[in-house]
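To start, the structure itself, in structure tokens.
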Amino acid sequence: TIFERLRKDYPESAEAKNVLFEMGRRFLDMGYRAEAVETFKKMFVEQGSYSEGQILLAGQELLKAKEYELAGQAFDRVVAAAKEPSQRVSAQLGKAEVQIAQEQYAAAIPALTALATALKGSSRLVDVDLLLSRAASEQGMRESDAEKRLEYFNTAVVAMKTVKTYRTNVQDRAAMDVEVGRLLTRKAHAEEKFGTAEGVRKYKGQAVAAYQALLMSADPTNAAIGPVLEQAYHECLPLMAETKRWQDVNDDCNAYLEAFPNGKYAVEVRNLKNQASIELSVGTGAKPPAAPGADK
């Protein structure tokens with residue numbers, strides 16, 4: 001109420017021109033995230049004197065709220081004006097996240113590549129390479145030119161290797177194993193659209209192998225990685241079904257339901273288990289040979 005009165009009665013004061021950020025920050029402190037986002041949105045409609053740090057925080061909250069256009073504007077302003085390198089890097093990363101969320105993968109890659117070079121040896125390189133791997137593999141999945149597609153996926157693989165080198169705790173390593181599975185799944189989808197049946201089989205097999213390496217080695221009772229394992233089952237099971245590995249599907253459905261009987265994917269897994277049982281009963285569930293390179 002006091003802030004709103006300040007804006008109404010003293011609109012030309014320096015305090016009034018800074019008040020929207022203060023309102024938004026206090027909403028965040030109280031846990032009122034929706035009200036904070038609405039207040040930050042007003043910052044970009046009304047003129048005010050905000051620091052780069054304030055605009056950066058507003059942009060980050062708008063990004064979390066999926067207000068991508070305004071978040072992008074905030075990050076652009078910080079990149080253009082920030083004197084502190086750390087703020088500029090944070091804004092560049094934020095802008096890349098906005099572009100990836102909007103599926104503008106090709107636009108995100110050059111800035112992330114430049115950042116990866118500039119930040120070599122920095123603790124922030126992991127964040128950059130994780131985004132770069134995602135953007136490059138997503139763009140590779142959409143690229144019809146075989147040479148360019150290979151280049152995108154090679155960029156994604158190199159970036160992911162860097163991330164895996166630095167992510168050392170159990171939860172982070174499990175999450176990275178899932179990311180590797182996703183990368184290989186994107187390669188398989190690219191082959192479905194632009195490549196060969198052999199390529200599809202190869203990369204789906206490798207994606208399954210990546211997920212299985214995690215599922216076979218991790219402890220589902222570990223609360224820190226339980227949600228990651230659930231997601232790995234959710235993404236791996238359909239791939240095994242697509243390659244008609246019905247016995248493996250049945251076994252992994254049982255493993256999921258034993259570990260997560262009330263899990264968020266339990267209904268889908270039970271349906272897939274029923275499908276696997278039908279396929280096995282009519283004799284179509286023979287296990288196909290392993291995909292080339294799947295043991296690597």
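Only a predicted model underlies this, so the values are computations on that prediction, with no experimental measurement involved. Throughout, numbering of the chain's residues begins at 1 and tracks the sequence.
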Within the distance-only criterion (no hydrogens, no angle test), does the side chain of Thr243 pair as donor or acceptor with the backbone N or O of Met240 below 3.5 angstrom? yes
Under the side-chain contact (heavy atoms from CB on, under 4.5 Å) rule, what do Glu268 and Leu237 come out as? Steps first, then yes or no, please. CA-CA 10 Å; Glu268 295 173 46; Leu237 282 166; over 6 Å; no
Glu179/Arg182 salt bridge by N-O under 4.0 Å criterion: yes
Using a 6.0 Å cut-off, check whether atom CD of Gln87 has over 12 heavy atoms from anything other than its own residue. yes
Please check this pair: side chain of Arg77 against backbone of Glu52, looking for a donor-acceptor N/O pair closer than 3.5 Å. no
Enumerate the residue pairs fulfilling ring pair (Phe, Tyr, Trp, His ring centres under 6.0 Å) with a member in residues 214-240, sequence neighbours excluded, ordered by first and then second residue. Tyr233-Tyr256, His234-Tyr265
Check: Asn222/Gln171 side-chain N/O donor and acceptor closer than 3.5 Å: no
Would you call Arg25 and Gln54 a side-chain contact if the rule is heavy atoms closer than 4.5 Å? no
With Tyr68, which residues qualify under side chain to side chain contact (heavy atoms under 4.5 Å, CB included), at least two apart? Leu63, Lys66, Val98, Ala101, Gln102
Are any side-chain N or O atoms of Gln231 and backbone N or O atoms of Val228, one a donor and one an acceptor, separated by less than 3.5 Å? no
Test item: Ile100 and Glu138 side chains (from C-beta on) under 4.5 Å apart, heavy atoms: no
Cluster link Met23 to Leu56, ILVMFWY, side chain under 4.5 Å: yes
Below 4.5 Å, heavy atoms only, C-beta onward: do Arg26 and Tyr32 meet side chain to side chain? no
Could you check whether atom NZ of Lys264 has more than 12 heavy atoms from other residues, nucleotides or ligands sitting under 6.0 Å from it? no
Can you hop from Leu93 to Ile55 via hydrophobic side chains spaced under 4.5 Å? no
Do Phe194 and Asp145 come close enough that some side-chain heavy atom pair is under 4.5 Å? no
Non-hydrogen atoms of Leu125 and Ala116 that approach each other most closely: CD1-O, 3.4 Å
Output the distance between atom CG (Leu183) and atom OH (Tyr203), rounded to the nearest 0.5 Å. 10.5 Å
Does this structure show an ion pair linking Asp248 with Arg245, if we count only N-O contacts that are shorter than 4.0 Å? yes
Any side-chain donor paired with an acceptor under 3.5 Å for Asn271 and Asn274? no
Could you give the distance from CG (Asn154) to CG (Leu150), rounded to the nearest 0.5 Å? 4.5 Å
Pair Glu279, Lys244 - check salt bridge (charged side-chain N to carboxylate O under 4.0 Å, His left out), show working. CA-CA 9 Å; Glu279 297 289 348; Lys244 303 188 184 304; over 6 Å; no
CA sep, side-chain torsions, deciding dist, call: Ser90, Arg124, side-chain hydrogen bond (donor to acceptor under 3.5 Å, both in side chains): CA-CA 9 Å; Ser90 293; Arg124 306 200 70 178; 2.9 Å; yes
For the residue pair Val37 and Ala65, what are the closest heavy atoms and their distance? CG2-CB, 3.7 Å
Looking at side-chain heavy atoms only, is the closest gap between Tyr211 and Leu239 below 4.5 Å? yes
Separation between CG (Leu214) and CD1 (Ile225), nearest 0.5 Å, reads 6.5 Å
Between Glu242 and Lys204, is there a side-chain N and carboxylate O pair less than 4.0 Å apart? yes
Looking only at heavy atoms, which two atoms of Gln139 and Tyr105 are closest? And how far apart? OE1-CB, 3.6 Å
For the pair Ser277 and Asn250, evaluate side-chain contact (heavy atoms from CB on, under 4.5 Å) and give the outcome as yes or no after the intermediate values. CA-CA 7 Å; Ser277 297; Asn250 185 73; 3.8 Å; yes
In Å and rounded to the nearest 0.5 Å, what is the OG1 to CG distance from Thr165 to Asp129? 9.5 Å
In one Ile/Leu/Val/Met/Phe/Trp/Tyr side-chain cluster, 4.5 Å: Val157, Val126: yes
When you group the ILVMFWY residues by side-chain heavy-atom contacts below 4.5 Å and let the links chain together, are Leu130 and Leu112 in the same group? no
For the student: nearest non-hydrogen atoms of Pro220 and Ala259, plus distance: CB-CB, 3.7 Å
Lys42 and Glu38: CA distance, side-chain angles, deciding distance, salt bridge (charged side-chain N to carboxylate O under 4.0 Å, His left out) verdict: CA-CA 7 Å; Lys42 291 178 184 177; Glu38 289 302 312; over 6 Å; no
Taking C-beta and beyond as the side chain, do Arg134 and Arg186 meet within less than 4.5 Å on heavy atoms? yes
Roughly how far, to the nearest 0.5 Å, is CD of Glu103 from CZ of Arg142? 5.0 Å
Looking at Arg149 and Gly140, would you say the former's side chain and the latter's main chain have a donor-acceptor pair under 3.5 Å? no
Please give me the minimum heavy-atom distance between Asp76 and Lys95, naming the atom from each residue. OD2-NZ, 3.1 Å
Taking Gln99 for its side chain and Gln104 for its backbone only, find out whether a donor-acceptor pair lies under 3.5 Å. no
Quick one: do Lys164 and Asp177 make a salt bridge, cutoff under 4.0 Å? yes
If you round to the nearest 0.5 Å, how far is CH2 of Trp246 from NZ of Lys273? 13.0 Å
Step through the shown structure and confirm whether more than 12 heavy atoms of other residues, nucleotides or ligands are within 6.0 Å of CE on Met30. yes
Apply side-chain contact (heavy atoms from CB on, under 4.5 Å) to residues Thr185 and Glu235 and explain how you reach the verdict. CA-CA 9 Å; Thr185 301; Glu235 296 177 19; over 6 Å; no
Is there side-chain contact between Val163 and Ser133, with at least one heavy-atom pair below 4.5 Å? no
Is any NZ, NE, NH1 or NH2 atom of the basic residue among Glu84 and Arg88 found under 4.0 Å from an Asp or Glu carboxylate oxygen of the other? no
Please report the shortest heavy-atom distance between Gly24 and Thr39, naming the atom on each side. N-CG2, 3.7 Å
Can the positive tip of Lys187 be found less than 6.0 Å from the middle of the six-membered ring of Phe153, inside 45° of the ring normal? yes
Kindly indicate, with the supporting measurements, whether the criterion side-chain hydrogen bond (donor to acceptor under 3.5 Å, both in side chains) is fulfilled by Asp251 and Asn254. CA-CA 5 Å; Asp251 293 345; Asn254 288 334; 4.9 Å; no
Same cluster or not: Val208 versus Val178, using hydrophobic residues (I, L, V, M, F, W, Y) connected whenever any side-chain heavy atoms lie under 4.5 Å apart? yes
